[in-house]
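Here the structure is a predicted model, which means the values were calculated and not measured. Naming convention: chains lettered A, B, ... in sequence-line order (proteins, then strands); numbering from 1 in each chain.
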Protein chains: 2
Amino acid sequence: MKKISTPYHHGNLRQALLEIAVKLIRERGADALTIREVARRAGVTHTAPYRHFKDKASLLAAVAREGFEMMVKETKDQFSRTTQDALARLKVCGIAYIEFAIHNPARYRVMFGTGRPHGKNSALRKASEASFGLLLECIKECQKEGTVRPGEPMEMALAAWSIVHGFSMLFIDNQIREKGLFAADRESMMDVVVDHLYAGFKPN
Amino acid sequence: MKKISTPYHHGNLRQALLEIAVKLIRERGADALTIREVARRAGVTHTAPYRHFKDKASLLAAVAREGFEMMVKETKDQFSRTTQDALARLKVCGIAYIEFAIHNPARYRVMFGTGRPHGKNSALRKASEASFGLLLECIKECQKEGTVRPGEPMEMALAAWSIVHGFSMLFIDNQIREKGLFAADRESMMDVVVDHLYAGFKPN
DNA sequence: ACCTGAACACCGTTCAAGT
DNA sequence: ACCTGAACACCGTTCAAGT
């Protein structure tokens, strides 16, 4: 009888651990994420993950980093299906951001929920800066186009980020449905919020 | 020799535990909050807290609830120092909200960071609804006054909440300073965000 | 290189017992 | 009523050892 080869050699354990981690958070909450449980589900010893991640925090950081990269990719994909109109792209930024959060609440919470800044982890930092950069560029282009009023783009990007982030957080934390805020569907809530956002950007 | 009386009888243990919990989160992060450590600092056995809180989650819920109550109180205090002008009160809502978050980041994170809704805990739920209610009332009054455009107040309150919550979260998570977003001081950042918010509320 | 097994110092929670 | 001490089933992390 041939030996059944063990599944996670040759470098795919790292990716497997990441996927299991996300699934675990999604299914059972952030508290249920333990290195030992991830290892168990991957079929390896509880110390094996330490070959790929320094500690639990850096496993979470890797999950977060992937998240920012996914978000950027999805936004760019939407861009390519959009007119050259910079204002349209700016709206896509907002919508894509919120949609990512709503469709990946577990991962989104990891991306922002740590309470710890990204400071030291440069890969994570770069990924999150790329995401913010997309928004910033859109705003600058809109200003050139004349579809967004003049003003410090950094400040405007901050206001824009605040509102989409705030809405996303409240939404995935159930604060919105819980308060009976809306019988309305997600789509129209998103539109309300994003429209409000751009109302503040209109040129005079 | 008289026995030294033990400090936490007669019902003040509960309050002591809450204060220690907040201090612990503030000083060493949310991960450092353990029931055992709280008990240790209070000078009681690690099982004593269970007389006052069902489990760790309900200790955290109590910390969160106190937070919402503090926020409402501080906002009302500011109201009493303000003109009858409803628009001025609306701005106070935004500023007081952000200031609370900035001055109590640890507690603020507990108030929103659980990932778990407040659903079951009715005291917590009521406290957070009171906070939202303040904002909602202000918007309605402004509409009567004509200083905020007509529209579903619930939707407008949601947009307002999103932006102050988003800004607060980004700020206390260090996402803002980390990205080199502003050399500017807090005050002016807050003003930018809040001004942007109210720009979207202006009547035509 | 990658993985294991034992070990250490912790957790949250329960429960019978003490005053 | 309020608190204790032992116990249980977990953690994260380290380290010497195996292939």
Side-chain angles (χ1 to χ4, degrees), chain A residues 1-25 27-64 110 113-116 120-121, chain B residues 1-25 27-64 110 113-116 120-121:
Chain A
M1 271 209 244
K2 274 197 171 176
K3 266 205 286 188
I4 294 160
S5 66
T6 60
Y8 293 123
H9 282 253
H10 312 301
N12 52 348
L13 176 56
R14 188 193 148 90
Q15 196 52 40
L17 293 171
L18 286 174
E19 282 161 24
I20 291 165
V22 174
K23 202 184 304 177
L24 209 43
I25 300 170
E27 287 169 6
R28 306 189 1 200
D31 289 350
L33 182 78
T34 77
I35 289 218
R36 290 171 104 110
E37 179 62 22
V38 171
R40 228 171 269 133
R41 295 199 178 193
V44 295
T45 317
H46 64 272
T47 55
Y50 287 90
R51 290 292 121 198
H52 300 277
F53 302 100
K54 186 179 145 286
D55 53 21
K56 192 181 171 179
S58 71
L59 204 192
L60 285 170
V63 170
V110 173
T114 81
R116 203 57 68 215
K120 274 172 48 187
N121 190 320
Chain B
M1 269 212 246
K2 275 198 171 175
K3 265 205 285 186
I4 294 160
S5 66
T6 61
Y8 293 122
H9 282 253
H10 314 301
N12 51 348
L13 176 56
R14 187 192 148 89
Q15 196 53 38
L17 293 172
L18 285 175
E19 282 160 24
I20 292 164
V22 174
K23 201 184 304 176
L24 210 43
I25 300 170
E27 288 169 5
R28 301 180 17 191
D31 289 349
L33 181 79
T34 75
I35 289 217
R36 289 172 105 110
E37 179 63 22
V38 171
R40 228 171 268 134
R41 295 198 178 194
V44 296
T45 317
H46 65 272
T47 56
Y50 287 90
R51 290 292 122 198
H52 301 277
F53 301 100
K54 185 179 146 288
D55 53 20
K56 192 180 172 180
S58 71
L59 203 191
L60 285 169
V63 169
V110 173
T114 81
R116 204 57 67 215
K120 274 172 49 187
N121 190 320

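Residue whose closest nucleotide on DNA chain C sits further toward the 5' end, between A:R51 and A:R36: A:R51.
Ranking C:dC3, C:dT14, D:dG12 by closeness to the B:Y50 side chain, first place goes to C:dT14. In this structure, of D:dT13, C:dG5, D:dC11, it is C:dG5 that holds the atom nearest to the side chain of A:T45. Distances from the side chain of B:I35 to the nucleotides C:dC3, C:dG12, D:dC3 place C:dG12 closest. In this structure, of D:dT13, D:dC11, C:dG12, it is D:dC11 that holds the atom nearest to the side chain of A:E37.
Rounded to whole Å, atom C1' of C:dC2 lies 13 Å from atom CG of A:L17. Summarising the geometry, the separation between NZ on A:K56 and C1' on C:dC11 is reported as 11 Å, rounded to the nearest angstrom. The nearest whole Å value for the distance from the CG atom in A:D55 to the P atom in D:dT14 is 8 Å. Summarising the geometry, the separation between CG on B:L59 and P on C:dC11 is reported as 15 Å, rounded to the nearest angstrom. Here D:dG12 presents its C1' atom at 15 Å from CG of A:D31, a figure rounded to the nearest Å. Between the CZ atom of B:F53 and the C1' atom of C:dT13 there is a distance of 16 Å, rounded to whole Å. Put simply, NE2 on A:H52 is 10 Å from P on C:dT4, counting in whole angstrom units. Rounded to an integer number of Å, the gap from CG of A:L13 to P of C:dA1 is 17 Å.
Base contact: A:T47 has a heavy atom under 4.0 Å from a base atom.
Nearest heavy atoms, A:A42 versus A:L13: CB-CD1, 4.2 Å. Nearest heavy-atom pair, A:L60 versus A:I25, reported as atom, atom and distance to 0.1 Å: CD2-CD1, 4.4 Å.
In this structure, D:dA17 forms no base pair with any nucleotide, since neither Watson-Crick nor G-U wobble geometry is met with both distances under 3.5 Å. Across all strands shown, C:dG12 is found opposite D:dC8 as a Watson-Crick or G-U wobble partner, with both distances under 3.5 Å. Taking a pair to require two hydrogen-bonding distances under 3.5 Å in either a Watson-Crick or a G-U wobble arrangement, D:dC3 remains unpaired.
Under a cut-off of 6.0 angstrom, the local environment of CG in B:D31 is sparse, with at most 12 non-hydrogen atoms contributed by other residues, nucleotides or ligands.
A:N12 places no side-chain N or O within donor-acceptor distance of the main-chain N or O of A:Q15, the cut-off being under 3.5 Å.
Within the 4.0 Å cut-off from OP1 or OP2 of C:dC11, at least one side-chain nitrogen or oxygen of B:R40 is found.
Residue B:H46 places no side-chain atom within donor-acceptor reach of the base of D:dT4, judged by atom type and a 3.5 Å distance cut-off alone.
For A:K23 and A:E37, the salt-bridge test fails: no basic side-chain N is under 4.0 Å from an acidic carboxylate O.
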